[in-house]
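Below is one structure, written out as structure tokens; comments come after it.
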Amino acid sequence: MNKKEKRSIDKASQFMLERAEKECILTAWDRYEAMQPQCGFGRLGICCRICNMGPCRIDPFSEEEQTGICGATADTIVARNLGRMVAGGAAAHSDHGRDITHALLLAAEGKTDAYTIKDEVKLKKLAKEYGVKVEGRGKEEIAKELAEKIMEEFGRQHGYIKMPFRAPKKRVKVWEELGIMPRGIDREIVEMMHRTHIGVDTDYKNILMHGFRTALSDGWGGSMVATDLSDILFRSPTPILGRVNLGTLSRDEVNVVVHGHEPTLSDVVVYAARDPEIVKLAKEKGAKGINLVGICCTANEILMRHGIPVAGNFLQQELAILTGAVDLMMVDVQCIMPALSTVASSFHTKLVTTSPKNKAPGVTHVEFREEEAYDIAKKILKMAIENFPNRNGDILIPEHNQDLVAGFTAENIYNFLGGTYRATYRPLNDAIIQGRLRGLAGVVGCNNPKITHNYAHVEMAKELIKNDVLVVVTGCSAIADAEAELLRPEVAFKYAGKGLQEICEAVGIPPVLHVGSCVDNSRILIALTNVILEGGLGEDISDLPVAGAAPEWMSEKAVSIAFYFVASGVFTVLGMPFPILGSKNVTNFLCSEVENILGGKFAFESDPIKAAHLMIEHIDKKRKALKLRPLMYQ
Ligand code: BF8
Ligand code: SF4
């Protein structure tokens with residue numbers, strides 16, 4: 001295996017890595033190598049910088065119990081550091097949810113032309129859930145009151161937020177009895193920061209249980225708000241064809257890349273890119289038109305709703321610029337490498353930041369305001385067109401681009417699996433009960449140069465479908481699988497077990513279902529709840545033959561996601577450990593003891609095949625407990 005094969009399994013990425021090497025342009029992989037050896041204290045989670053008596057570190061090999069200057073033990077330090085990671089991730093997702101709520105409010109008040117209410121059915125359903133009167137009112141009036149009510153969820157001071165009550169009754173009871181029902185979305189994050197301040201919570205279990213509550217305020221709060229309100233504003237996805245990989249960049253069109261997370265930016269750019277004025281301008285500059293593509297989760301948002309091509313996932317952001325064909329890359333928030341400006345400086349690529357929360361030294365900033373969204377989107381597109389004639393040097397675009405089907409949601413799975421006459425999860429539940437399908441798995445999360453790019457996502461998904469496990473994917477995992485052609489219905493015949501094959505053939509779906517961006521992991525929570533409500537597979541999510549994984553995780557958001565899945569009762573495998581191995585107690589609590597409390601727990605396994613088998617074993621254990629029939633074909 002040569003160097004580039006060790007770095008990525010994806011041919012398009014290998015092609016670009018070759019260019020990077022030839023032209024001495026550094027990428028995340030080079031910076032990762034230069035960083036070796038990485039700090040052992042940091043890796044084990046036993047370095048504390050929380051107050052200025054420190055920094056303190058615990059010697060992992062010491063015979064006696066060491067503490068920080070304040071007396072904090074390794075258990076406390078490790079739990080505090082992890083708790084703050086959960087808070088960071090929950091904050092990112094939830095602040096995204098808040099921005100979408102703000103956009104809904106502006107749309108309802110008629111303060112922006114760029115957004116209108118596109119899914120009235122979902123709006124009314126959510127309004128009823130929030131006690132907003134629907135009858136005899138216009139959609140804007142309903143949306144205004146609903147947006148205000150959801151805004152209150154962020155700062156709620158009394159009672160609990162509403163969305164967690166969607167979970168199965170038994171699960172809600174577990175949360176209530178443990179005292180981890182989320183109260184306010186912002187409140188849990190603030191409380192985590194408070195508890196982990198010098199001299200507050202010392203009990204690692206108490207800190208970690210609050211970690212679960214904080215994560216629940218993300219999965220069943222901020223992220224769920226982001227998903228639901230995005231569906232209302234930008235329309236609910238339906239199965240859609242798309243294309244993926246760096247080969248979606250075009251030689252003769254103006255290439256505009258949107259990168260980041262919030263569809264408030266990317267969705268409006270989709271419309272602006274089709275504006276006749278913009279297309280005409282592009283042609284005047286000698287281009288055939290505008291080629292809009294996405295990177296990371298904002299790409300997933302516009303793929304799911306418009307079929308816009310995805311140029312790549314997290315580790316491909318620098319590689320896209322390395323083609324020399326990106327005329328402009330606009331970014332909003334999250335997962336945007338600060339290194340982009342350095343890579344862009346070797347090419348003609350214009351980098352534009354758009355969020356007041358994310359500026360970069362020396363990078364053009366065009367502030368995005370929802371009230372003027374369309375005009376700002378056009379302004380940025382014009383900058384891209386102006387930059388098209390400045391292409392210099394060789395344009396090197398890899399050929400690779402694959403077809404895919406995306407656009408699955410917790411709601412439309414009803415129609416797909418249940419036929420159009422009666423929307424129901426019955427066929428899905430029956431397939432599991434009768435043993436045609438072994439169970440379900442969610443494979444999600446990032447890329448990380450510690451693991452060969454895309455390798456763990458793809459191998460894990462293949463192993464799961466081979467064993468008749470239907471796989472749902474989001475975020476960078478979905479993009480990885482798409483690049484390996486796993487999101488095409490035909491691959492069921494190549495890779496899936498016989499039972500799963502039969503289902504895919506009958507309903508025409510791929511064995512790996514793309515359900516959206518990282519905030520859309522909330523769709524998985526709802527789908528699991530729907531399976532419980534349909535009946536025959538237990539009373540709680542923790543009864544279900546399901547498992548989750550984040551095989552190449554890197555971000556704090558992934559930590560929060562993993563925490564809310566475990567808190568919801570799902571066994572979750574991570575491809576690399578949390579930075580907690582410096583505390584045996586914390587590791588044992590999260591990877592073992594917590595199962596008795598929450599019904600879910602964590603496991604760490606870097607080999608994706610072994611990890612898939614940990615998931616399969618768990619699924620089989622749950623099948624046995626439910627006394628389900630033996631599998632039909634395995
Ligand atoms: O929110 S999977 S690298 S892009 S954090 Fe980031 Fe991870 Fe990708 Fe989307 Ni999610
Ligand atoms: Fe050290 Fe305690 Fe301060 Fe952390 S909080 S830096 S362990 S003194």
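Each ligand, and each atom within it, is numbered from 1 in the order the structure gives.
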Under a 3.5 Å distance rule, please check whether E483 uses its side chain to pair with a backbone N or O of V244 as donor and acceptor.
no

Spell out, as yes or no, whether a donor-acceptor pair under 3.5 Å connects the side chain of H261 to the backbone of Q334.
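Yes, H261 side chain to Q334 backbone: donor-acceptor pair under 3.5 Å.
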
Closer than 4.0 angstrom, basic N to acidic O: yes or no for [X] and [Y]?
X: D30; Y: R7; result: yes
X: D228; Y: R166; result: yes
X: R98; Y: E262; result: no
X: E191; Y: R213; result: yes
X: D95; Y: K357; result: yes

Identify, chain by chain and in numerical order, each protein residue with a heavy atom under 4.0 Å from an atom of ligand 1.
H261, C296, C297, F314, C335, G445, C446, C476, C518, M554, S555, K557

Taking the cut-offs as 6.0 angstrom to the six-membered ring centre and 45 degrees off its axis, would you call R305 and F234 a cation-pi pair?
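Pair R305/F234 does not count as cation-pi.
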
Would you list the protein N, O or S atoms within less than 2.8 Å of atom 4 (Fe) of ligand 2, leaving out water?
C48 SG

Aromatic rings F563 and F602: how do their planes relate, parallel, tilted or perpendicular, breaks at 30° and 60°?
tilted

